[in-house]
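Everything quoted here is computed from the prediction, not taken from an experiment. Residue numbers start at 1 and run along the sequence shown.
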Amino acid sequence: MSTNKNYAGIPDEFAQLETAKVVLIPVPYDGTSTWVKGSDKGPDAFLEASENMELYDIETGTQVYEQGVFLANAVTENSSAEAMVNEVHKTTKEYIKRNKFVTLFGGEHSISIGSIRAFNECFDNLTVLHIDAHADLRASYEGSKYNHACAVHEASQTTNLIQVGIRSMSASEKTFVDQEKIFFAHDMVTDEFWMDKVIDLLTDNVFITFDLDALDPSIMPSTGTPEPGGLFWYETLDFLKQVFKEKNVVGFDMVELCPNQVDKSSDFLAAKLYYKMLSYKFMGQASEDSYDNTYNLDLKVHTNSQKFENDKV
């Protein structure tokens with residue numbers, strides 16, 4: 001259990017909402033997972049690992065925490081998956097409207113229904129870059145549209161959804177797959193240009209939903225549904241660095257860490273990956289003015305009507 005009130009134990013001066021550029025929302029929800037339970041423990045394991053991580057990033061030569069990271073109160077609504085999604089949507093949107101770079105850490109992948117919905121309402125022409133082992137395109141599963149197996153179905157209907165690393169899906173999900181916008185792991189391993197092809201399909205504004213089981217279980221065993229044949233560390237970083245460099249990443253979530261008491265390497269990998277993604281986002285935006293000017297130009301909160309009401313998918 002993380003005991004520090006600040007992300008990664010950073011000094012208070014970098015952890016205040018008023019001045020922080022980044023908001024981190026923990027969502028410890030595990031209500032619809034169908035195999036290994038425990039992703040609700042993911043946020044605490046991630047935060048504890050973050051407190052034991054060096055905060056100087058060698059690659060970028062930066063200490064991104066100095067941009068300010070505010071650790072928000074966890075979204076603890078768990079009366080139903082739908083109620084959780086609505087609360088994630090509401091909370092995420094509130095921080096986006098405060099002009100923060102909003103990030104979330106789950107929890108199972110169903111939390112992303114709410115986060116994606118919020119970003120789609122706040123940014124025009126949004127791409128959802130879905131990095132995952134599983135397609136997660138079912139319209140419903142086990143009687144619910146808010147199941148983790150349905151995590152990006154709504155996004156497939158309302159955004160430019162690009163899927164990367166997929167190596168597990170049901171026959172029924174083929175109905176919702178866009179063959180031009182999905183990158184299967186077995187094809188990626190023989191295609192040296194897959195990163196460039198993905199980049200070409202992205203719009204300017206990109207939200208990343210990163211399911212940690214996209215990574216190979218040899219480096220990320222602690223997930224609820226590990227799949228062989230996944231991404232490795234440096235190719236993942238190379239890809240993410242290119243995305244952050246060429247596109248305006250407006251936020252991201254990270255999900256499906258299922259920690260165990262024996263091996264803490266997965267917790268630390270998640271902590272390191274999150275910090276790397278922040279480092280890539282801000283490495284070219286050293287001053288506060290440059291960040292605010294760039295971000296404000298791209299933030300377009302819709303005022304005419306919401307694309308979704310809280311009680312609809």
Side-chain angles (χ1 to χ4, degrees), residues 1-31 38-57 60 62-79 83-84 86-108 111-112 114-115 118-119 208 210 212 222 251-261 264-282 285 288 291-292 295:
M1 174 71 69
S2 173
T3 57
N4 197 295
K5 64 179 179 178
N6 297 340
Y7 162 74
I10 62 177
D12 286 345
E13 65 180 292
F14 300 113
Q16 305 305 310
L17 176 59
E18 293 74 17
T19 54
K21 296 177 182 176
V22 179
V23 168
L24 167 58
I25 307 170
V27 190
Y29 181 79
D30 186 21
S39 62
D40 56 323
K41 306 298 192 300
D44 274 338
F46 157 77
L47 289 171
E48 183 178 8
S50 298
E51 292 177 18
N52 294 282
M53 175 182 65
E54 294 287 0
L55 297 178
Y56 173 73
D57 181 66
T60 60
T62 63
Q63 297 190 121
V64 71
Y65 77 88
E66 294 177 346
Q67 301 290 336
V69 182
F70 174 71
L71 179 59
N73 291 331
V75 174
T76 57
E77 173 61 63
N78 63 4
S79 60
M84 177 277 298
N86 289 338
E87 190 64 24
V88 168
H89 165 255
K90 175 185 175 183
T91 303
T92 302
K93 194 167 183 179
E94 286 174 353
Y95 285 116
I96 295 173
K97 286 185 173 181
R98 297 187 70 153
N99 202 31
K100 303 299 183 181
F101 184 76
V102 181
T103 64
L104 302 92
F105 197 96
E108 63 172 60
I111 76 160
S112 300
S115 57
F119 277 92
I208 301 173
F210 198 113
L212 289 165
S222 298
F252 63 85
D253 65 31
M254 191 172 293
V255 298
E256 298 286 357
L257 173 63
C258 189
N260 69 78
Q261 295 302 313
K264 297 297 184 182
S265 63
S266 294
D267 305 354
F268 197 83
L269 187 152
K272 193 82 169 182
L273 181 61
Y274 175 88
Y275 200 70
K276 273 288 190 183
M277 291 173 74
L278 290 187
S279 299
Y280 292 152
K281 172 63 182 178
F282 290 97
Q285 302 175 1
E288 184 169 346
Y291 170 73
D292 286 342
Y295 199 59

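- For Thr103, the side-chain hydrogen bond (donor to acceptor under 3.5 Å, both in side chains) partners at least two apart in sequence or on another chain are Tyr274.
- The shortest non-hydrogen separation linking Met254 to Ala270 is SD-O, 3.8 Å.
- To the nearest 0.5 Å, the span separating OG on Ser222 from CG on Asp267 amounts to 6.0 Å.
- Distance check, rounded to the nearest 0.5 Å: CZ of Phe282 to OH of Tyr65 gives 15.0 Å.
- Of all heavy-atom pairs between Ala74 and Pro28, the closest is CB-CD, 3.9 Å.
- If you take CG on Asn6 and CD on Gln16, they are separated by 7.5 Å, rounding to the nearest 0.5 Å.
- For the pair Leu24 and Phe46, the minimum side-chain heavy-atom distance is below 4.5 Å.
- The two atoms that bring Phe101 and Gly251 nearest to each other are CE1-N, 3.4 Å, heavy atoms only.
- In this structure, Asn260 and Cys258 have side chains that are not in contact, with every pair of non-hydrogen atoms separated by 4.5 Å or more.
- Under the side-chain contact (heavy atoms from CB on, under 4.5 Å) criterion, Glu66 pairs with Phe14, Gln63, sequence neighbours left out.
- Note that OH of Tyr7 and CG of Leu55 are 7.0 Å apart. Values are rounded to the nearest 0.5 Å.
- Listed by chain and residue number, nothing satisfies the side-chain hydrogen bond (donor to acceptor under 3.5 Å, both in side chains) test with Asn73 (two or more places apart in sequence, or in another chain).
- Looking at residues two or more places apart in sequence or on another chain, you find a side-chain hydrogen bond (donor to acceptor under 3.5 Å, both in side chains) between Asp253 and Ser112, Ser115, Thr209.
- Applying the side-chain contact (heavy atoms from CB on, under 4.5 Å) criterion to Ala118, with sequence neighbours excluded, gives His89, Thr92, Lys93, Ile96.
- A search for side-chain contact (heavy atoms from CB on, under 4.5 Å) contacts involving Thr60 returns Asp57, Thr62, Ser279, Tyr280, Met283, not counting sequence neighbours.
- Residues passing the side-chain hydrogen bond (donor to acceptor under 3.5 Å, both in side chains) test with Glu77 are Ser79, sequence neighbours excluded.
- Pairing each heavy atom of Val23 with each of Ala72, the nearest pair is CG1-CB, 4.2 Å.
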For Val255 and Phe105, run side-chain contact (heavy atoms from CB on, under 4.5 Å): C-alpha distance rounded to whole Å, both residues' side-chain angles, the deciding distance at 0.1 Å, then the answer. CA-CA 6 Å; Val255 298; Phe105 197 96; over 6 Å; no
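- Under the 4.5 Å side-chain criterion, counting only non-hydrogen atoms from C-beta, Lys21 is not in contact with Asn99.
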Stepwise side-chain contact (heavy atoms from CB on, under 4.5 Å) test for Tyr275 and Val64: CA-CA 8 Å; Tyr275 200 70; Val64 71; 3.4 Å; yes
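- Looking at Phe70 and Thr19, their side chains never come closer than 4.5 Å, going by heavy atoms from C-beta outward.
- Distance check, rounded to the nearest 0.5 Å: CE of Met53 to CZ of Phe268 gives 6.5 Å.
- Residues meeting the side-chain contact (heavy atoms from CB on, under 4.5 Å) test with Asn78, sequence neighbours left out: Tyr29.
- Not one N or O on the side chain of Asp30 forms a donor-acceptor pair closer than 3.5 Å with the backbone of Gly107.
- The heavy-atom pair separating Lys100 from Ala20 by the smallest distance is NZ-O, 2.7 Å.
- Under the 4.5 Å side-chain criterion, counting only non-hydrogen atoms from C-beta, Arg98 is in contact with Leu17.
- Contact check for Pro26 versus Leu71: side-chain heavy atoms found under the 4.5 Å cut-off.
- Counting heavy atoms from C-beta on, the side chains of Ser266 and Leu257 come closer than 4.5 Å.
- If you take CG on Leu104 and CD1 on Ile25, they are separated by 4.5 Å, rounding to the nearest 0.5 Å.
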